[in-house]
Asks: 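There's a structure below that I have some questions on.
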Amino acid sequence: MLITCADSLPMNPTKTTYTPADVEAKWYQRWQEQGFFKARPNPKKTPYTVVIPPPNVTGVLHMGHMLNNTIQDVLVRRARMLGQEACWVPGTDHASIATEAKVVALLKEQGIEKKDLTREAFLEHAFAWKDKYGGIILEQLKQLGASCDWDRTRFTMEPKLTEAVLRVFVDLYRKGLIYRGVRMVNWDPLGGTAISDEEMIPKDVMAKMYYLNYEVVGQPGRFLTVATSRPETIMADVAVAVNPTDERFRGLAGQRVRIPLLGREIPVIQDEYVLTDFGTGALKVTPAHDLNDYNLGLKHNLPIIDILNDDGTLNEKAELYVGQDRFAARRNIVKDLEAAGLLVKVEEYASIVQTSERTKAVIEPKLSMQWFMKMEHLAKPALEVVENDTIRLYPAKFKNTYRVWMENVRDWCISRQLWWGQQIPAYYLPDGSFVVALTASEALELAREQSGNNELKISDLRQEEDVLDTWFSSWLWPISVFDGFADPDNADINYFYPTSDLVTGPDILFFWVARMIMAGLEFRQEVPFRNVYFTGIVRDTQGRKMSKQLGNSPDPLDLIAQFGADAVRTGMLFSAPAGNDLLYDEKLVEQGRNFANKLWNAFRLVKGWEADAALPFAHDKPVAWFGARLAAAVAEIDDHFAKFRISDALLAVYKLVWDDFCALYLEMVKPAYQQPIDAETLRHTTAYFEALLKLLHPFMPFITEELWHELGPRGPRDYVTVAPWPKPGAPADGAALLAGMDKALAVVAGVRAVRNQKNLGPNKPLALVAKSDEPALLAAYEGILRKLGGLEDLTFADAGPAGAVSFVLGGSEFFIPLEGHIDVAAERARLEKELAYAQGFRDSVQKKLGNEKFAQNAKPDVLAREQQKLADAETKITALEQALKGV
RNA sequence: GGGAGAUUAGCUCAGCUGGUUCAGAGCAUCUGCCUUACAAGCAGAGGGUCACUGGUUCGAACCCAGUAUCUCCCA
């Protein structure tokens, strides 16, 4: 009788290599047709929710996305198989500064300058561009196999999410948590906006240090030399500071000095902040243009003179070089200082300047009027939920980082001087005061109330030009994707929130993760997620970050085309422990491809078997053993998942498939060429194969789905994607089965080692004589010993035959008669070495057991183990001594 | 300058409560095999003073102190 595994074979099972390109698109389409990725509130199931860290709407897939989304997909697919209602919400981020910079650059190519456009016209261009190129990245994720519920795709700037942002802004403003204030910000003069710290790129440069002479007032000819890298800012100086302990400036404190060229008098102040060994030890204080100086100015109550315009040119307060760009002014003032004899010297030194990630402009620390959010009130509960493990961070070391940041949290500058983003819903009255409201008409009402002027019209109000920081929409993401602001009691949010796991990079722990926690607690009184898994940064084999400039970043789509999505996914995961950077190496992807190929060939083998119903069940031992092995592996894999050890889980499946199933189990049950197999064994083998496909599916969704359908006839909705995850239930005698097989396999390994040592080749039939202390056990595994060891004969005896190679396992001796291959001296030497080793081991255990304090202090189970070790060592020594006598 | 973390095989990393294992995995390396599923493969082997110096302990990769080097975060 013939048991067929599948009705049709779209793939050619005679081909020895698996070709992923033939099947991947097909299965992704089928999954979508079947609606497997769609999630709906279902009270009978436990929800499992993941919100994607939304990539930039105009971005394209890079290696970091590959890693991050592979991990999410593994978690989501496994949850789905565990019978949970798995909901993975995809979407994109409007990424205000990045996208605006791209649109500005694009318009420039078309000869259009942003400044010549109205806000409305610019946004029209931006939306047109977003509609054309936006969301490409989501299509790319499908090629990776990402099982997102695409019907739920959101965009942080779509109307509903924008409404959520505005509601939150108004709410927090009314709670008194949002205010306007003047602060030192990172100003991008080219982009004309404040940017956040993470949007700056530090650049190593060789800068010049200029030594300038400030004349001491009332002491003509006496100068105080000050070192500065920014001579063009001396017009904004308000003091010169020295360290109070610095002997060189004794007596100068309280004196006044004259700013070079300008002649304005400023005081000399003392502060410990000043480093005595940097520059000349005298520091010019320019509060408007340096953050440290600003703080120094606050401390000493100094005035602030801001000499720069928003575009980086000098304003009239500078008095000199007005209208010139800061760098032109620098060149000119150096010339003039030199001419005036006030420039002592110029030194080169290595320095770091901050530049804008988008416009590349050198960042200017600048005082400006911005919108801020108070963080203290929000940070406190957000810290607590991480401290008390309501939210767990993986790896846990990030708890420390999180704590330090949350305890020193500073107010959040939420305004950006851009157009692409959510415009701040504040409306200025003609008198300069303002109101905050969701809509213009509400604003008008408030404005009339506030001003007492009922004649005010909407056209009298001027809406704030600034937009909100992108993170001000992404911090609401886990709530807003379920419309939790507009409709706080809807079925989706009640069911899917809080989400389960968040997978993201540690670089946005503060900007995103911490703020989502705050938002969750503030607006829903509930954490946004239970676990946060931090991935590492993908680097090249030399440890460098992937970057376009270095050209060290492969195109993920090329990789998928070349190796298959499954191979790329496993390649990323093979070496990606949580929080550790991943050194990407194409070899890992090759390893993934090889693994897919291994699986494919195992399938080809099993597929080729024909069952003969007349044959008796011949492989009860292998079948029982692999059942136990599988159960143990499932338990181990589940444990790895519970601890978010994703790459360990993968490695465990990898070894189960490759070593246990292919190298051992299949070799044990494999019939001789073109011989039939008994039906019972084939039935078990097929069931095991299916279990392996299930365990592998989260990691390698495509090949497992393909083989699932090849392996047996399937109903219309019978897909491994929705198959139940294997249960770990181990058979009662599992431990004994595993231990027994280990002993048998040790004998096989011994025989194979002899084969290799004696250069016998895999085919030469050998005879094995066993002087075993467990003959019954070995007899039970005789079939396996013969097959895997290539034995033509297995006999039990009390003594070894002459002219045999021997090896010792535990208390048993094994002999392989090999006339003509025996080198007596070498045999003796080998056994003696082994004996000496065993004796040394015994002695050390004996010594430990003989130590009174050990006997007193060690736990009973430790003591018992040591005694067992001693007994085992004694047995082995006896057997070795016997073997030596026989040589 | 302040803080956090790391250092285990050639590489990337595990190693849980100090004792199952006189230190484990994957990859790489070496040797031998084109053995009727797979050379993208099979069988076997070698490879470590657990950064260094002390300390605690019957016992330390693990706990403590110091040193060195590296990484990240904050300023």
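Hydrogens, waters and symmetry mates play no part in the numbers below; they use all other heavy atoms, side chains included. Because the structure is a prediction, the values reported are computed rather than measured. Here is how names work: the chains are called A, B, and so on, in the same order as the sequence lines, proteins then strands, and each is numbered from 1.
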Asks: Below 4.0 angstrom, N of the basic side chain to O of the carboxylate: do A/Glu834 and A/Lys876 qualify?
Replies: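 A/Lys876 and A/Glu834: salt-bridged.
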Asks: Is the shortest side-chain N to carboxylate O distance from A/Lys607 to A/Glu710 below 4.0 Å?
Replies: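 Judged by the 4.0 Å cut-off on N to carboxylate O distance, A/Lys607 and A/Glu710 do not form a salt bridge.
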Asks: Using a heavy-atom cut-off of 4.0 Å across all strands, would you classify A/Arg752 as base, sugar-phosphate, or nothing?
Replies: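 Here A/Arg752 touches the backbone only, sparing every base.
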Asks: Applying a 4.0 Å non-hydrogen cut-off, can you work out what A/Phe595 is touching in the nucleic acid: base, sugar-phosphate, or nothing?
Replies: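 No contact.
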Asks: If I take atom NE2 in residue A/His640 and atom C1' in nucleotide B/G26, what distance separates them, rounded to the nearest angstrom?
Replies: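 Nearest whole value for this atom pair: 13 Å.
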Asks: Suppose you measure atom C1' in B/A9 against the same atom in B/U56; what distance do you get, rounded to whole Å?
Replies: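 Each nucleotide's C1' atom is 30 Å from the other's.
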Asks: Rounded to the nearest angstrom, tell me the gap between atom CG in A/Leu509 and atom C1' in B/C74.
Replies: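 Taking atom C1' of B/C74 as the reference, CG of A/Leu509 is at 13 Å.
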Asks: So, OP1 or OP2 of B/G3: does either fall under 4.0 Å of a side-chain N or O from A/Asn400?
Replies: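 No, no such contact exists.
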Asks: Using whole Å, what does the distance between atom P of nucleotide B/G26 and atom OH of A/Tyr584 come to?
Replies: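 Going from A/Tyr584 (OH) to B/G26 (P), I get 22 Å.
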Asks: Return the nearest nucleotide to the side chain of A/Lys869; candidates are B/U20, B/G3, B/A14.
Replies: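 In terms of side-chain proximity for A/Lys869, the closest of B/U20, B/G3, B/A14 is B/U20.
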Asks: So does A/Tyr402 get a side-chain nitrogen or oxygen closer than 4.0 Å to the phosphate oxygens (OP1/OP2) of B/G5?
Replies: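 So the side-chain polar atoms of A/Tyr402 never come under 4.0 Å of the phosphate oxygens OP1 or OP2 of B/G5.
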Asks: From C-beta outward on A/Arg645, which listed nucleotide comes closest to its side chain: B/U20, B/G15, B/A25?
Replies: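 The closest nucleotide is B/G15.
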Asks: Salt-bridge test for A/Arg392 and A/Asp389: reply yes if a basic N is under 4.0 Å from a carboxylate O, no otherwise.
Replies: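 A salt bridge is present here (some side-chain N lies under 4.0 Å from a carboxylate O).
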Asks: Do nucleotides 32-39 of chain B as a string where each nucleotide becomes B, S or -: B if the base has a protein heavy atom under 4.0 Å, S if just the sugar-phosphate does, - if no protein is that close.
Replies: SS-BBBB-
Asks: What pattern of brackets, bars and dots sums up RNA chain B from 5' to 3', given Watson-Crick or G-U wobble pairs under 3.5 Å, [ ] for crossing pairs and | for another strand?
Replies: (((((((..((((.....[....)))).(((((.......))))).....(((((..]....)))))))))))).
Asks: Under a 4.0 Å N-O cut-off, is there an ion pair linking A/Lys587 with A/Glu590?
Replies: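 Salt bridge absent between A/Lys587 and A/Glu590.
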Asks: For A/Phe574 and A/Tyr654: C-alpha separation, side-chain torsions, deciding distance, then whether ring pair (Phe, Tyr, Trp, His ring centres under 6.0 Å) applies.
Replies: CA-CA 10 Å; A/Phe574 269 129; A/Tyr654 179 86; 5.2 Å; yes
Asks: If you check every side-chain atom of A/Phe510, which of B/A40, B/C73, B/G44 has the closest atom?
Replies: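 From the listed options, B/C73 comes nearest.
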Asks: B/C63 and B/C58: how far apart are their C1' atoms, nearest whole angstrom?
Replies: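 16 Å, rounded to whole Å.
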Asks: Does atom CD of A/Glu376 have more than 12 heavy-atom neighbours from other groups under 6.0 Å away?
Replies: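 Not buried by this count: 12 neighbours or fewer within 6.0 Å.
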Asks: Scan A/Arg755 against the nucleic acid and name what it touches under 4.0 Å (heavy atoms): base, sugar-phosphate only, or nothing.
Replies: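 Since no nucleic acid heavy atom lies under 4.0 Å of A/Arg755, the category is nothing.
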Asks: Which atoms form the tightest heavy-atom contact between A/Ile560 and A/Ala565, and what is the distance?
Replies: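 Closest heavy-atom pair between A/Ile560 and A/Ala565: CG2-N, 3.8 Å.
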Asks: Strictly under 3.5 Å: I want the nitrogen or oxygen pairs between protein and nucleotides 55-65 of chain B, one per line.
Replies:
| residue | atom | partner | partner atom | Å |
| --- | --- | --- | --- | --- |
| B/C58 | O2' | A/Asn851 | ND2 | 2.8 |

Asks: When the distance from NZ of A/Lys764 to C1' of B/A43 is rounded to whole Å, what number comes out?
Replies: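 Rounded to the whole Å, the gap is 17 Å.
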Asks: Quick one: on RNA chain B, does A/Phe841 or A/Ala753 contact a more 5' nucleotide (nearest heavy atom)?
Replies: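 The 5'-side residue here is A/Phe841.
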Asks: Is A/Glu874 salt-bridged to A/Arg842, going by a charged N under 4.0 Å from an acidic O?
Replies: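 Judged by the 4.0 Å cut-off on N to carboxylate O distance, A/Glu874 and A/Arg842 do form a salt bridge.
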Asks: Which nucleotide wins on minimum distance to the side chain of A/Lys643, given the candidates B/A40, B/C16, B/C74?
Replies: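 From the listed options, B/C16 comes nearest.
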Asks: Which value, in whole Å, describes the distance between the P atoms of nucleotides B/U57 and B/C70?
Replies: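 Comparing P positions in B/U57 and B/C70 gives a spacing of 35 Å.
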Asks: Nearest heavy-atom pair of A/Glu586 and A/Gln562: which atoms, and what distance?
Replies: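 Closest heavy-atom pair between A/Glu586 and A/Gln562: OE2-NE2, 4.4 Å.
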Asks: Between A/Asn594 and A/Gln757, name the one whose nearest nucleotide on RNA chain B is closer to the 5' end.
Replies: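 Closest to the 5' end, via its nearest nucleotide, is A/Asn594.
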